[in-house]
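One structure is given below, encoded as structure tokens.
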Protein chains: 2
Amino acid sequence: MITIKELAKELSVSISTVSKALNDNPEISEDTVKRVKELARLRNYKPNKTAVNLKNSSTKTIGVIIPDILNPFFAKVLLGIESQANSKGYNIITCVSQETEAKEKENLQLLADGTVDGFILAVAEETQINKTTQHFTDIINDGFPIVMFDRVSDAIDCDKVIIDDFDASYQATKLLIDEGRTHIVLLNYINELSVGQLRIQGYLKALEDSAKVLEPHLITIDKSESLDDSIKAMFSNDPKIDGIVAIDNTSGIASLNIAKSLDIKVPVKLSIIGFSSDELLPFSYPKLSTVSQNATEIGKVSVDLLVARLRDTSLEKRIETVAFDISERDTTK
Amino acid sequence: MITIKELAKELSVSISTVSKALNDNPEISEDTVKRVKELARLRNYKPNKTAVNLKNSSTKTIGVIIPDILNPFFAKVLLGIESQANSKGYNIITCVSQETEAKEKENLQLLADGTVDGFILAVAEETQINKTTQHFTDIINDGFPIVMFDRVSDAIDCDKVIIDDFDASYQATKLLIDEGRTHIVLLNYINELSVGQLRIQGYLKALEDSAKVLEPHLITIDKSESLDDSIKAMFSNDPKIDGIVAIDNTSGIASLNIAKSLDIKVPVKLSIIGFSSDELLPFSYPKLSTVSQNATEIGKVSVDLLVARLRDTSLEKRIETVAFDISERDTTK
DNA sequence: CTGTTAGCGCTTTCAC
DNA sequence: GTGAAAGCGCTAACAG
């Protein structure tokens, strides 16, 4: 990589003249600016980013910590973050916590050495279970702003981006009710996570608001149990089930596959609607109804919040709610 | 963030003494070292990474450019890269080319300003179609080593990591032959990509090596056509098909779903084997046979190659071949 | 208009 | 044992 110094030497001018010329400083004569820029282009000169960063004491990079990159929802948020960050002149450094508190902590501390200006993250499952917050407050006290998305920690005072889980679940349930379903169960394979509770409330409220009297039916499957076996048991215990609201991103698809294997006609006899990134849809047949989480939008909003805070530390902390859509479904009554 | 300067002032010693003490320089008295380290810990001092980088003219970060982060294969490679990079003391900056040449080029140029020490990437589909290579050679000439994985460019002289496509396809086809299948078609939805050709050769060779005389049957579906419609047409044109080797990561699953919708019994009447990251498996029922691409291993090997080259530029260029496994399958003759 | 100088935070000779 | 000073590549205040 060629430096300003070498350009200066080659042109027999001073270093600062070159620097100013490259930055279109009006102090420099048009002719010099032209000569400098020409040589710079010729030599493929690029200002050394590290030096500029040191000078500005900013890195123009964002640390992103996601729990699981193989989860299409997080992958899609990452995509949204990456694209928005780039368009705002930021790079992102990606770390994966693997849902563990230890890796989450390690990643935060490693990057909080001037490698990044701030963080965007979704709290790891283990951290949520343990209700640990110390590592977050440490980082914030060190002067690094954090934006949490989707999996947020209520105890931390920082910017947050969430989807309106209550409303999303309410809408999903209402869709099944309006279809005429009368035995709608809620399937829960993520009991430990904060979002689960709101989705349950939305489901309950929708049943409550229904014109017909509908009994709530909550089925929670522990991570230690076999998802497939539990779903099979559910179908055999209660053959009247004609609607499923799956509030995580795997049990909906699992239900669909198992229903098919048991010869339960979907969507004629049974309707399934699941929370998920819509990237999963093409792999089920017929298409599974899905509550899209507008994952890229979450990423975009997260970047906007972080960049705003980087500009002005004194802003009020904000919690942004991202809308969701219910995508079209291949279903008949 | 606290600096060495502040520590020095507080201890009334010089900046260089503090620096040496922190780095366990034997010149410094034990007592001073202890005092310095104590205060550093107390103040939560961390050496400013940007300053260190400038001093060392290295960034200890790797630029990773992947074509599509929603593709589980690439997501998994990314995971492998991230984990291996971290354990070798490197961070990664992730960019997504979205399969376009323009974004690929832009990402390369943006990071080749001292932001990263080198690159790991899979060539974007568009770049492969156009057979463009200029942007790669430019970067390499600028002194940034590149490691290409999976989608590599033959025209570029750099380190590469690939899976043994020929052999993988050969093995997959042989599996179907050994099962007793006699009308095995090869399904190709990625005709433009370099890996496709080797997989076709492997398929052909396996048929050739078979004890029985088996006719090759290549079906190429253009990206502009409807995958679903083309597969339906295939089944109706040729009802004798009893085996499918799908050489991309979607047509296998699509075939499976369509076969089921047409009431073709899988795996009794039809066997399907597909190339894919094994992350897709759980979404099909019964499980689709798959050639796992050992994606995390690819990521790991890529990092090892890049780090080795960063240490020693003069090494011979290497092409590493990563082994593959055929995962167990739910099939009966 | 152009050049000299200081400084971002750190490491590393070289003096004392 | 400790400190002063130079330099990584760049910007910007200040002189000329």
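The chains referred to below are lettered A, B, ... by the order of the sequence lines, with proteins before strands, and numbering in each begins at 1. The analysis underlying the following values was restricted to heavy atoms, covering all of them including side chains, and did not include hydrogens, waters or symmetry mates. In this text the structure is predicted, and so the values were computed from the model without any measurement.
The nearest whole Å value for the distance from the CG atom in A:Leu11 to the P atom in C:dG3 is 11 Å. Computed from coordinates, the B:Asn25 CG to C:dT11 C1' distance equals 10 Å when rounded to whole Å. Atom pair B:Asp24:CG and D:dG1:P shows a separation of 14 Å (rounding to whole Å applied). Between B:Ile2 atom CD1 and C:dC8 atom P the separation is 15 Å, expressed in whole Å. Distance A:Leu22 CG to D:dC10 C1': 11 Å, rounded to the nearest Å. D:dG3 atom P lies 16 Å from atom NZ of B:Lys9, rounded to whole Å. In this structure, A:Ile15 places its CD1 atom 14 Å from C1' of D:dA12, rounding to the nearest Å. What separates CD of A:Glu27 from P of D:dA15 is a distance of 14 Å, to the nearest Å.
Within the 4.0 angstrom heavy-atom criterion, only backbone atoms of the sugar-phosphate kind lie near A:Asn23; the bases stay farther away. Using a 4.0 Å heavy-atom distance criterion, A:Ile28 is classed as a base contact. Nucleic acid contact for B:Ser16: base, since at least one base atom lies under 4.0 Å from a heavy atom of the residue.
In terms of polar N and O atoms assigned as donor or acceptor, the side chain of B:Ser14 never comes within less than 3.5 Å of the base of D:dA4 in a complementary pairing.
With A:Ile156 as the partner, the side-chain contact (heavy atoms from CB on, under 4.5 Å) test is satisfied by one option alone out of A:Ile140, A:Ile146, A:Val123: A:Ile140. Checked options B:Asp113, B:Thr59, B:Val116; the residue passing with A:Lys49 is B:Asp113 (criterion: side-chain contact (heavy atoms from CB on, under 4.5 Å)).
Considering only side-chain atoms of B:Ser29, the nucleotide from D:dT2, D:dG3, C:dT2 that sits closest is D:dT2.
For the pair B:Asp117 and B:Arg309, the salt-bridge criterion is not met [side-chain N within less than 4.0 Å of a carboxylate O]. The residues A:Glu126 and A:Lys105 are annotated as not salt-bridged, no charged nitrogen and carboxylate oxygen being separated by less than 4.0 angstrom. Residues A:Arg43 and A:Glu10 are paired through a salt bridge, judged by an N-O separation under 4.0 Å between the basic side chain and the carboxylate.
Here the side chain of A:Thr137 pairs a donor or acceptor atom with the backbone of A:Gln134 at under 3.5 angstrom. Using modelled atom types, no side-chain atom of B:Glu125 and backbone atom of B:Glu99 make a donor-acceptor pair closer than 3.5 Å.
A:Ser19 has no side-chain polar atom (N or O) that falls below the 4.0 Å cut-off from OP1 or OP2 of D:dC10.
Take the nearest nucleotide of DNA chain D for B:Lys20 and for A:Thr3: the residue whose nucleotide is more 5' is B:Lys20.
Using a 4.0 Å cutoff on non-hydrogen atoms, the parts of residues 34-58 of chain B near DNA chain D are B:Leu54, B:Lys55, ordered by number.
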